[in-house]
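Below: one structure, written as structure tokens.
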Amino acid sequence: MAPKDPAPAQPASNFIRHIVEADLAAAKYASRRWAGEPGEATRHASGPLDPARIRTRFPPEPNGYLHIGHAKSICLNFGLAREFGGACHLRFDDTNPAREEQQYVDSIIDVVKWLGFDWGPNLYFASNYFEAMHRCAVALIERGHAYVDSQSAEEMRANRGTLTEPGKDSPHRARSVAENLDLFARMRSGEFPDGAHVLRAKVDMASPNINLRDPPIYRIRHAQHHNTGDTWCIYPMYTFAHPIEDALENITHSLCTLEFEDQRPFYNWLLERLHEAGFFAQPLPQQYEFSRLNLSYTVLSKRKLMQLVEEGHVDGWDDPRMPTLAGARRRGFTPEAFRAFAERIGVSKSDSWIDVGVLEDCVRNHLNEVAQRRIGVLDPVKLIIDNYPEGQTETCVAPNHPQRPDLGTRELLFARELWIEREDFMLTPSKGYFRLYPGNRVRLRYGYVVECTGCEQDAEGRVVAVHCNYFPDSHSGSAGADQYKVKGNVHWVAVQAACECEVRLYDRLFGVSNPGAGERDFLLDINPDSKRVIRAQLEPALRQTQAGSSCQFERHGYFVADRVDSKPGAPVFNRTVTLRDSWAKAR
RNA sequence: UGGGGUGUAGCCAAGUGGUAAGGCAGCGGGUUUUGAUCCCGCCAUUCCCAGGUUCGAAUCCUGGCACCCCAGCCA
């Protein structure tokens with residue numbers, strides 16, 4: 001028997017995985033039937049056994065852009081389905097016509113795909129279930145489980161009670177089934193203005209759980225819906241719609257965030273009543289809650305993100321500094337990084353603040369493996385090699401990846417005048433500095449070892465050129481190269497070959513770990529240096545970078561050709577994330 | 001102060017009665033033509049607190065404490 005491999009770095013399990021494993025072991029969902037599309041019990045009963053062992057769903061409301069918090073939920077739901085031979089539905093929870101728009105639907109589809117997930121034929125809209133939901137509501141009324149309330153919103157609030165006092169029954173709570181049916185039909189036909197009536201579930205006005213104090217389930221809203229137009233003027237509330245959507249779609253595990261915990265008793269109450277009425281078969285979907293993501297140095301609330309965009313603190317929803325997935329994509333973050341991140345942070349019910357450093361580490365991790373190395377001089381100053389013949393040039397060979405020879409090499413033009421990084425020279429070096437300073441030797445990466453001889457300064461004392469001499473027998477790869485022991489290793493690009501490009505140096509949008517903590521205005525915590533636009537001198541191969549393609553600028557970080565502003569032959573680069581820099585930290 | 005939740009290292013997190021995994025951060029060292037990567041080592045005598053049960057408790061019991069969520073015709 002072969003020796004056992006060391007245990008692979010396996011992610012820790014989580015409570016939801018345990019639940020799924022237990023349900024599968026108990027064959028809890030094995031006898032479910034699936035009609036091939038959402039439907040009521042009788043419809044599904046006519047179909048074959050459900051080929052999906054479990055069904056989950058990601059149910060965004062199409063009223064904004066998805067952000068990193070959604071990525072956690074997407075990876076959880078789609079990941080679970082993938083892992084256990086199930087299906088994950090992409091469902092738009094568009095039950096409120098007010099702020100839902102097609103452009104959000106499009107961007108959500110785009111970004112879930114980008115994250116690497118596939119819903120197959122299971123793309124659904126809650127609004128396509130409005131007829132079924134309406135039938136459910138009528139059945140509830142017929143069975144005495146719902147009534148039309150005609151109190152004003154203020155009256156309803158007053159009668160709802162408080163956290164410590166029970167509510168009071170509405171004067172309309174005892175209306176007859178016939179009257180309720182009539183009123184509800186007239187609500188639907190458009191006879192009443194917004195707010196005149198509301199359909200309420202009849203549960204318990206004295207419940208200690210406020211969500212059970214006869215929650216409204218249908219309201220009148222004379223508005224255009226992005227999908228159903230003006231077909232309806234009454235719309236179901238989330239509380240009512242969501243369990244039905246899950247049941248119609250044969251969802252087994254309905255995962256949501258912690259703030260919906262108090263909603264679960266109603267979720268179960270409703271589905272049990274509808275099961276009694278013959279709409280849905282057991283086993284019914286079950287709701288499970290996990291804690292939502294909080295990220296340091298970031299805000300994720302829709303209100304705040306909206307404010308950042310509308311007040312122009314950033315350049316739109318897909319600004320590379322935004323925590324939206326569209327922004328992260330433009331920034332150069334990768335789907336692989338997000339999936340690793342989701343796995344790494346786990347799923348639990350405790351309130352947590354994840355350090356953005358974890359996400360950044362996932363990004364570096366992935367990019368380190370796949371990004372080809374290139375040279376970019378971001379803050380150029382001229383290096384003149386005085387003993388290198390004027391007019392002479394040669395080529396140096398550089399690997400595209402130090403750990404992956406399979407990725408090949410590329411050539412760099414070497415000449416007498418090079419651009420180097422301004423911070424790679426110091427007239428009077430600080431302690432521990434081992435780059436260029438008079439008398440010190442460094443290697444010009446993939447080229448020669450040089451010894452610094454001095455510099456030229458302008459009237460203000462600013463360095464305008466650095467001078468050095470090279471050692472002809474020190475060329476990288478040559479027999480004598482090893483005789484030169486230098487600590488410093490400096491990147492460069494020949495002045496005559498360099499390609500000048502715009503580069504955006506992005507940093508964290510907020511300068512503090514918890515923007516807007518307490519009563520403080522979060523806008524005051526914006527990092528004023530979160531975006532710096534520079535002109536950089538790049539190695540010529542970079543000119544052909546495809547929009548959206550990432551590489552490492554050696555010794556700097558990972559950069560991506562902006563997918564919006566890059567033109568063929570004229571890329572614009574965004575800094576995705578810097579390399580770790582223990583020297584900068586030491587200073 | 002009604003109901004629902006959660007407390008394991010600086011930040012996450014596994015652990016489900018048998019003697020505290022792992023990751024991030026941090027610290028120290030090695031390799032290195034990226035001050036990168038990679039590798040090695042260190043980093044909780046203790047799991048919110050106090051009692052109790054048990055040969056044995058982060059896990060079970062009792063009592064506290066802290067924090068989060070809920071009173072939209074939003075989701």
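Chain A is the first sequence line, chain B the second, and so forth, proteins listed ahead of strands; every chain is numbered from 1.
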Taking the six-membered ring for Trp, does Trp583(A) stack with G35(B) (centroid gap under 5.5 Å, planes within less than 30°)? yes
Within the pair Arg160(A) and C73(B), is there a side-chain N or O less than 4.0 Å away from OP1 or OP2? yes
I'd like the C1' distance from C24(B) over to A50(B), given in whole Å. 34 Å
What integer number of Å spans the P atoms of U46(B) and G10(B)? 13 Å
Mind checking the P distance from U45(B) to G72(B)? Whole angstroms is fine. 47 Å
Residue Arg373(A), side-chain heavy atoms: nucleotide from U34(B), G35(B), U16(B) that is nearest: U34(B)
Searching all strands shown, indicate the nucleotide that pairs with U16(B) (Watson-Crick or G-U wobble; both distances under 3.5 Å). none
Basic-acidic side-chain contact under 4.0 Å: Asp361(A), Arg580(A): yes
Hey, does the side chain of Ser296(A) reach the backbone of Val356(A) with a donor-acceptor pair shorter than 3.5 angstrom? yes
Taking any heavy-atom pair under 4.0 Å as a contact, classify Phe240(A): base, sugar-phosphate, or nothing. nothing
For Gly346(A) and for Tyr433(A), locate the closest nucleotide of RNA chain B by heavy-atom distance; then report the residue assigned to the nucleotide nearer the 5' terminus. Gly346(A)
Taking any heavy-atom pair under 4.0 Å as a contact, classify Arg221(A): base, sugar-phosphate, or nothing. sugar-phosphate
Output the single nucleotide from U6(B), A36(B), A71(B) whose closest atom is nearest the side chain of Lys349(A). U6(B)
Nearest to the Asn365(A) side chain among G5(B), C38(B), C73(B), which nucleotide is it? C38(B)
Select one nucleotide: of C12(B), U34(B), C74(B), the one nearest the side-chain heavy atoms of Trp353(A). C12(B)
Have a look at Glu423(A) and say if it touches a base, only the backbone sugar-phosphate, or nothing, with a 4.0 Å heavy-atom cut-off. nothing
With no angle test and no hydrogens, is the base of G3(B) tied to the side chain of Asp262(A) by a donor-acceptor pair under 3.5 Å? yes
Given the C1' atoms of U19(B) and A71(B), what is the spacing between them in whole Å? 48 Å
If you take atom types as modelled and just measure distance, does the side chain of Glu369(A) reach the base of U37(B) with a donor-acceptor pair under 3.5 Å? no
How is Glu259(A) classified with respect to the nucleic acid when contacts are heavy atoms under 4.0 Å: base, sugar-phosphate, or nothing? sugar-phosphate
Using heavy atoms to find the nearest nucleotide of RNA chain B for Gly432(A) and Arg157(A) separately, return the residue whose nucleotide is more 5′. Gly432(A)
Salt bridge or not for Asp194(A) and Arg221(A), using N-O below 4.0 Å? no
Report yes if at least one side-chain N or O of His18(A) is closer than 4.0 Å to OP1 or OP2 of A14(B); otherwise report no. no
Let's test this: given Watson-Crick or G-U wobble pairing with both distances under 3.5 Å, identify the partner of G26(B). C42(B)
How far does the C1' atom of A44(B) sit from the matching atom of A21(B), given to the nearest Å? 13 Å
Taking NZ in Lys168(A) as the centre, count heavy atoms belonging to other residues, nucleotides or ligands within less than 6.0 Å. Is the count above 12? no
Check the chi torsion on G72(B) and let me know: syn if it falls within 90° of 0, anti if not. syn
Against the side chain of Arg580(A), the closest entry in U6(B), U34(B), U37(B) is U37(B)
Taking only the C1' atom of each, what is the distance from G23(B) to G5(B) in whole angstrom? 26 Å
Counting only side-chain heavy atoms from C-beta out, which of G26(B), A13(B), A71(B) sits nearest to Ser352(A)? A13(B)
So what's G51(B) paired with, Watson-Crick or G-U wobble, going by both distances under 3.5 Å? C61(B)
More than 12 heavy atoms of other residues, nucleotides or ligands under 6.0 Å from CZ of Arg292(A): yes or no? no
Using the side-chain heavy atoms of Asn209(A), tell me which of these nucleotides is nearest: A75(B), G3(B), U34(B). G3(B)
Work out how far the P atom of G18(B) is from that of G56(B), and round it to whole angstrom. 14 Å
Charged N-O contact under 4.0 Å between Arg91(A) and Asp246(A): yes
Positive for ring-ring contact (aromatic ring centres under 6.0 Å, His included) with His134(A), one of Phe240(A), Tyr129(A), Phe184(A): Phe184(A)
Roughly how far apart, to the nearest Å, are C49(B) and C42(B) at atom P? 27 Å
Look at the side chain of Asn368(A) and decide which nucleotide, out of C12(B), G26(B), U37(B), has an atom nearest to it. U37(B)
Any strand: nucleotide that pairs with C73(B) via Watson-Crick or wobble, under 3.5 Å: none
Does a nitrogen or oxygen in the side chain of Ser348(A) sit under 4.0 Å from OP1 or OP2 of A13(B)? yes
Side chain of Asp351(A): nearest nucleotide among C74(B), G5(B), A14(B)? G5(B)
